[in-house]
Structure formats: structure tokens, C-alpha cells
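Contents: one structure, followed by commentary.
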Protein chains: 2
Amino acid sequence: MGNSRVTLRRVAEIAGVSPATVSRVSRGTTPVSPEVRDRVLRVIEEHGYKPSHFGRALAERRHGALGLVFPGLSGPYFSELIQGFEAEALETGDSVLVLASHSRADTDATVLDLADRVDGMAIHGGTVSTDTIGKVAQQIRVVVMASEAGPAQASVSAANDTVKDLTRHLLVDHGYRRLAFVGMPDGSPDVTARWQAFLAAHKSARRKPPAEPIRVGLQQSDGAIAAEQLLDRDDRPDAVVCANDETALGLLLSALGRGLRVPQDVAITGFDDMPMAALVRPALTTIRQPIRELAATTARLLADPLDQPAGDIVLPTELVLRSSCGCGGVP
Amino acid sequence: MGNSRVTLRRVAEIAGVSPATVSRVSRGTTPVSPEVRDRVLRVIEEHGYKPSHFGRALAERRHGALGLVFPGLSGPYFSELIQGFEAEALETGDSVLVLASHSRADTDATVLDLADRVDGMAIHGGTVSTDTIGKVAQQIRVVVMASEAGPAQASVSAANDTVKDLTRHLLVDHGYRRLAFVGMPDGSPDVTARWQAFLAAHKSARRKPPAEPIRVGLQQSDGAIAAEQLLDRDDRPDAVVCANDETALGLLLSALGRGLRVPQDVAITGFDDMPMAALVRPALTTIRQPIRELAATTARLLADPLDQPAGDIVLPTELVLRSSCGCGGVP
DNA sequence: CGGTCTCATGAAACCGGTTTCAACCGTAAC
DNA sequence: GTTACGGTTGAAACCGGTTTCATGAGACCG
């Protein structure tokens, strides 16, 4: 590799000025006389000088990088998350270091290691122990996504209580009697909140408590796994509230594959409103959350130099009624 | 923040030794007498000293980080890719910087910027112009994934020509007459190779050339879009070869939603063998590729200090026959 | 014409590690 | 008793920028 990079001092030497002047020209902080400036710029151009991140990071005592930690799951949710975060980081000239290793056992150690390579860290709920989050927050700025904030950190999440509206819609408007919930409440804070809302809706509609949730993950394949537990048994539920669209689609696919009619035989709902939700037949009733905005807000909070008070931002979500719950015409 | 970190010189001062000795103890490169070593270690422990990445990176002239550039698509393929890459990088103590911002005009510029924050870069085929790849390769080591290598870089990909076997299976073993291909050949090198294999199979089976491909992306929703173009028309194909499992599942879902039987009314195949492929009904006939290994191999090539000759590694893939092509019993 | 103020510039310290080089110690060999 | 040697250790240079501080030149004012 021809990595014989030109250094600032070399540029200074060639241009016949001091290193300090080159630095000033390069970053444009302090005024420099036009002629000197031009001369230095020409040398920079000719020799392809680019300031090294090493030196700059050391001198400025900041990495120019933000960390993003999340469970390494697939699906549009996380890919939107990455992109939204990254787009915002680019805006401020920061790089993004991701940690998607779901291995969990060594995640905590890895996160601590990551903590001194970045200026701030976004941690998705349910990936790292609160203890570790606390330690990281002592070193750098931390924002928790899709989860309640710890005492010292800010957090950004989307309103999960819209699940209450959705559940009420199923119970009251459609009159379904046996609802099931697909998702692992202890797995992630988001799912916990949605399960709670599901419970609360039953209570406020004076129905008896629903059955235990079908404890599966958040991937599409988990929806297929849930199908085996839900659809083949005698007392099949007449409506299923899934923790997210991925599992809802997995379940829907399995239901159709079994020859069941949706929503006539079983109604299905999701959460996220990913692109596929509107395209599928029957179109999926779900709750729209602003994933990109969630990620962008998080990144902004991390990059913003002014010390935000550790507050909790909750972005609004919206119930989207389509046909998979029984609304509208025939699918 | 209490980021009043203890520096190496401070440790040296407290322990009453020279900075050099602390460095030696800290990295364990040079022998140090046991008593001094213990003393220094105790100070390090007590004051929670951790070497700064700034200083270390500057002195060692390496970042301890690898870059990963890929189109910001969703789905298990890319999430496996990230995780496989990351797991391998962790092994050698490297961090991973990702760039997932596709569909951005300035991606090339961003890639160049990333190039001087990392020691090596993995670039997924179809994301960056070959011109830019060349520029990056002048600075740092580059490995191209899922694409032919440029002249100067190494590459790692999976065998796409198994699509030829798959296509022949559909044409010859099952006797399908009107095959369709879903995927945009010019979009990614992988899809190009699969389309070529699809064509080649037709030729070698002495069939007339197939119809133009349905040019859609690689997401599940693209499969649903393809469904609108394929399934509603009169001369519906009797078998569809999709560029990947995501689109195949999108198509399958749409087909079932339309009341079509798979494979009786239309056979569907994919590529990847993601978890969902085996779970869905009918189970998806597909081609298994070792995504994780692909990513891990790439990372290893980047981290390995010995200069690999710029070669092209092609990992084997395997045809997986399930029921969506018409094999096996009733779905 | 002298004094003060402003502005551009260079010298040098600094960020936090690593590494080379030389000095120093004690021991073994002659 | 002196020399040679192996093993520890510290001083200092270095990695590549940024920034403070001081200096000198020129402009402006009285």
C-alpha cells in the first residue's frame, strides 16, 4: 500500500510556513492572510494532504464517532434504525460504530470496551444490563432507545400504549372473545410495555385476563413457530395481537399456508407498520411508529454539545386499521 | 461526566517508575521484574487506568477498526452479515464501523471519508463504484464481498451458479414451461450472476430464452410488488425463480393471499435458505449459502497481517429441495 | 513623529501512548 | 580482580495534529 501519507509538518515544510499555519488553513478557524492561505492550499491539493484522524482525535480529545448497540436481529425495524441513526450522524460528521453481537454473555464487556472508542452511545433497550449502562454513562453520554431511561440517562421511545386502543378495538368493536398475544414480555422493554397495554385493555373492558403470552422472539420465523402453538389446537384464538409486524407476517403466512382464512378464521395484528404490512393480503392492521425519527432523535441527542437534561422523549404512534383485523371490505 | 481519566504518565508518577515501564507492564511485551510489575499493576488496578485508544492508535499507527459497507437493506441476510463480520472482528480485538446508508448520492464520498478511520474495509458488491473502491484500496486493505474482485482486491463470494442446477431442476425434473425470474440483474453483482445462471440453464436445456426479469429489489415487499406484475395476468408463469428468499416469501405470501395454491398453481423458489424458508408452508425450495462464513472469511482476510495475494474465494452453496417447487409430498 | 492597537505568524507545549537507545545493575567467566 | 554479558530500567524521541503565547509588522491615532 502506498500509505506514505503526507503529514501536516511536511506540508508546512514544503509551503515554507509553520505547522501551526497549516493547521489553521486546514480547519479555517483563525484568519490567515490570503496569499499564505492560497500557497498552503495549493500544496495541500498537490500532495493530497488529508489530516489524520489519529492526530486530530488525540488533540481534540474526541473520537468523532458514536456507538450503536442493538440486538443483532433482522428485519426492517433494525435496518431503519441503523440508517436513521447513521444519516443523522453523518450530518454532524460523526462515524457510527455498531455492536450487533447478540451473544449476550460477553456483550457487557464488549460494550465497555466500545465505550472508550466513541463520544456517545445509543443503547437499544433489552441488550445490556442496567448495571453496565450505568458504568458506560459515567464515561460518556448515553441515550437509551425504546426503553425507559435509567436514572441518569436520557431515553427515546415510541408510545406503546396505543396497543391498548388496538386491543380495545378487537374486543369491543369487533367483539372477538379469545385474544392471544405473541411475544416475550421479558425479552425487551418494548414488548413488556405492549403486553401490559394488552392486559390493561382487557381489564378496562371488564374481560377476564387473557391467556399467557406465546413466548417467542421478534423475527418472522418466530411468528411461524408461534403458529404451531396457536393454530393447530382446538381452542384456536379468534384474534392474535403480535408484538411486531415481523411475527405477525410470519403468523399470517403460516395461517394462509394452513388454509385458514384471515380475518374470518383468525384476525391478526402487528406493530411497526413496515412496508410489507400494506402490501400483504389481507393488509395488516398495525400500529405505526416513527423508527427513523426515533433513531435520528437519539443521534441528535448524542451529538448535541449542550447538555440536555436527562429526559424521556416519547414519540407518538398511530393505530392503522386495515383488513387483517376484520375492518374494511373483503381482503 | 467524570471523564478525568488516569493517564499512563500519572500511573508512572504514582508508582514511582518511568512511563516506559508502565507501558511495558500494560502491554506485556517486554519482561519487567516481578516486584515492579506487581507495584505497577496495583496502581493500575486501584486507579482504574485504561490505555486511551487515541494515544495507542496514534503510536501504533493503526485504528483497531474495520469498516463494513453495505446497502442498508433489511432481512436476515444482512443481519447475518453484520454479526458474522463483527464476531470475527471481536476475535482480533477490532471494532466495526458500518456504513449502511445506501441510496445516497454521496455514499462514495462517505466511503472515502471512512477509509481513513479504519485499517481495512469490507465492501459489499453493488454499493460503491469500482472507481471509488480503487481509491480506497490505495490507502487501506479492501475485500469485496459477494462480487467479482477488481484487479487489485481480494473478494469473497458464494457460488451463484447453483441457480443453474435449480433452474434445470424446474425445467427438466418438474417439466415447468414458463419460468419467470424476479430480481434486478443490474442492481447487484449477486443477482446478475443468478440471472446469468438462469439464462444458461435455459440454453443448455435447449429451451427458448425466458422472458425479461421482473425488475424489483431484494426486500420482502419487493416480492409483493412482483406478485402484482406476475400473478394477476393471463399467462401466469408456472414457476418463479426469485433472486433471494425475501422476495420469494413476499411472493409466496401474496400468492396465498390471492387464493393460489403453491406449488400446484405456481411454483416458487428462493436463494439464501434463511430460517423462515424451512418453517413456511409450503416449505421453500432454495439454495443455501454460508452467509456467516462469508462475512467471517472477509473479516479474517482484512485482519490477517500477512499479505494475502489478491485472490477470489468462492464458498460452496447447496441446492435445498423442499415442497414449494413441487418436490415431496403435499405441502 | 511616537505610542498603541490589531492582526498574522511562528515557537513550543500538549494530547497519551510506544519504542529505541543507552546506561546501569549484578553475575559469570577468565 | 577485571572483563564480558544478560537482563531491567529510564530518558527522550516520536506518532500527527491543535492551541496557547509571544513576537513583530503594520495601521491608526493623537
Side-chain angles (χ1 to χ4, degrees), chain A residues 1 3-41 43-44 47-65 93 113 115-119 139-140, chain B residues 1 3-41 43-44 47-65 93 113 115-119 139-140:
Chain A
M1 345 234 146
N3 55 0
S4 56
R5 284 274 290 270
V6 186
T7 75
L8 178 138
R9 281 176 171 77
R10 182 93 186 92
V11 171
E13 194 182 331
I14 298 173
V17 297
S18 75
T21 301
V22 178
S23 175
R24 287 191 264 256
V25 171
S26 157
R27 43 184 13 230
T29 48
T30 320
V32 175
S33 80
E35 45 194 303
V36 172
R37 215 172 67 88
D38 287 351
R39 180 148 44 98
V40 172
L41 281 179
V43 175
I44 287 180
H47 294 72
Y49 164 76
K50 288 206 302 184
S52 126
H53 271 282
F54 295 131
R56 184 164 279 184
L58 180 57
E60 289 183 344
R61 275 185 286 184
R62 70 182 287 273
H63 298 81
D113 188 66
D116 45 42
R117 317 183 73 130
V118 297
D119 303 314
Q139 270 188 52
I140 55 177
Chain B
M1 330 258 151
N3 53 1
S4 57
R5 286 271 291 269
V6 186
T7 74
L8 177 138
R9 281 177 170 78
R10 183 91 186 93
V11 171
E13 193 182 331
I14 298 173
V17 297
S18 77
T21 301
V22 178
S23 175
R24 287 191 265 257
V25 171
S26 155
R27 43 185 13 232
T29 47
T30 320
V32 174
S33 79
E35 46 195 303
V36 173
R37 215 173 65 90
D38 287 351
R39 181 147 42 97
V40 172
L41 281 178
V43 175
I44 286 180
H47 294 73
Y49 163 76
K50 287 205 304 184
S52 129
H53 272 281
F54 296 131
R56 185 164 278 185
L58 181 57
E60 290 183 344
R61 272 183 290 183
R62 69 181 288 273
H63 298 80
D113 189 67
D116 44 43
R117 317 182 76 131
V118 297
D119 303 315
Q139 271 187 51
I140 55 176

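Note that the coordinates shown come from a computational prediction; the quantities given were computed from them, not determined experimentally.
- Nearer the 5' end of DNA chain D, as judged by each residue's closest nucleotide, is the contact made by B:Glu60, out of A:Ser26 and B:Glu60.
- Contact annotation: the side chain of A:Arg27 approaches that of A:Arg56 to within less than 4.5 Å [non-hydrogen atoms, C-beta and beyond].
- Of the inter-residue distances, the one linking A:Glu60 atom CD with A:His53 atom NE2 reads 10.0 Å to the nearest 0.5 angstrom.
- Across A:Arg9 and A:Pro19, no two heavy atoms sit closer than the pair CG-CG, 4.1 Å.
- Taken over five-pair windows at either terminus, the axes of the helix from C:dC1-D:dG30 to C:dC30-D:dG1 are inclined to one another by 50° (rounded to 10 degrees).
- Residues A:His63 and A:Val118 are not in side-chain contact: their nearest non-hydrogen atoms beyond the backbone lie 4.5 Å or more apart.
- Put simply, B:Ser33 has a side-chain N or O that comes within less than 4.0 Å of OP1 or OP2 on D:dT9.
- Taking every heavy atom of residues 34-41 of chain B and every atom of DNA chain C, no pair lies under 4.0 Å.
- Rounding to the nearest 0.5 Å places CG of A:Asp119 at 5.0 Å from CZ of A:Arg62.
- Boundaries of the chain A contact region on DNA chain C are C:dA8 to C:dG16, first to last in 5' to 3' order (nucleotide atom under 4.0 Å from a heavy atom).
- A 6.0 Å sphere centred on CZ of A:Arg37 holds no more than 12 heavy atoms belonging to other residues, nucleotides or ligands.
- Nearest-nucleotide mapping onto DNA chain C: of B:Gly55 and A:Pro19, the residue sitting toward the 5' end is A:Pro19.
- Backbone-only contact: A:Val17 has heavy atoms under 4.0 Å from sugar-phosphate atoms and none from a base.
- Across all strands shown, B:Thr7 has heavy atoms under 4.0 Å from sugar-phosphate atoms exclusively, and none from any base.
- In terms of heavy-atom proximity, A:Phe54 sits nearest to B:Leu58 at CB-CD1, 3.5 Å.
- Nucleic acid contact for A:Arg27: sugar-phosphate only, since backbone atoms but no base atoms lie under 4.0 Å from a heavy atom of the residue.
- Residues B:Ser26 and B:Ser23 bring no donor and acceptor atom of their side chains to less than 3.5 Å of each other.
- Residues A:Val43 and A:Val11 share a closest heavy-atom pair of CG1-CG1, 3.8 Å.
- At the heavy-atom level, B:Ser52 lies under 4.0 Å from the strands shown only through sugar-phosphate atoms.
- Between the side chain of B:Arg39 and the backbone N or O of B:Val17 there is no donor-acceptor pair closer than 3.5 Å.
- Comparing B:Arg24 and A:Lys50 by the nucleotide of DNA chain D whose heavy atom lies nearest to each, the residue mapping closer to the 5' end is B:Arg24.
- A:Gln139 has its side chain within reach of A:Asp116: a pair of non-hydrogen atoms, C-beta onward, lies under 4.5 Å apart.
- Residue-to-nucleotide proximity on DNA chain C shows that, of A:Arg9 and A:Thr21, the 5′-proximal contact is made by A:Thr21.
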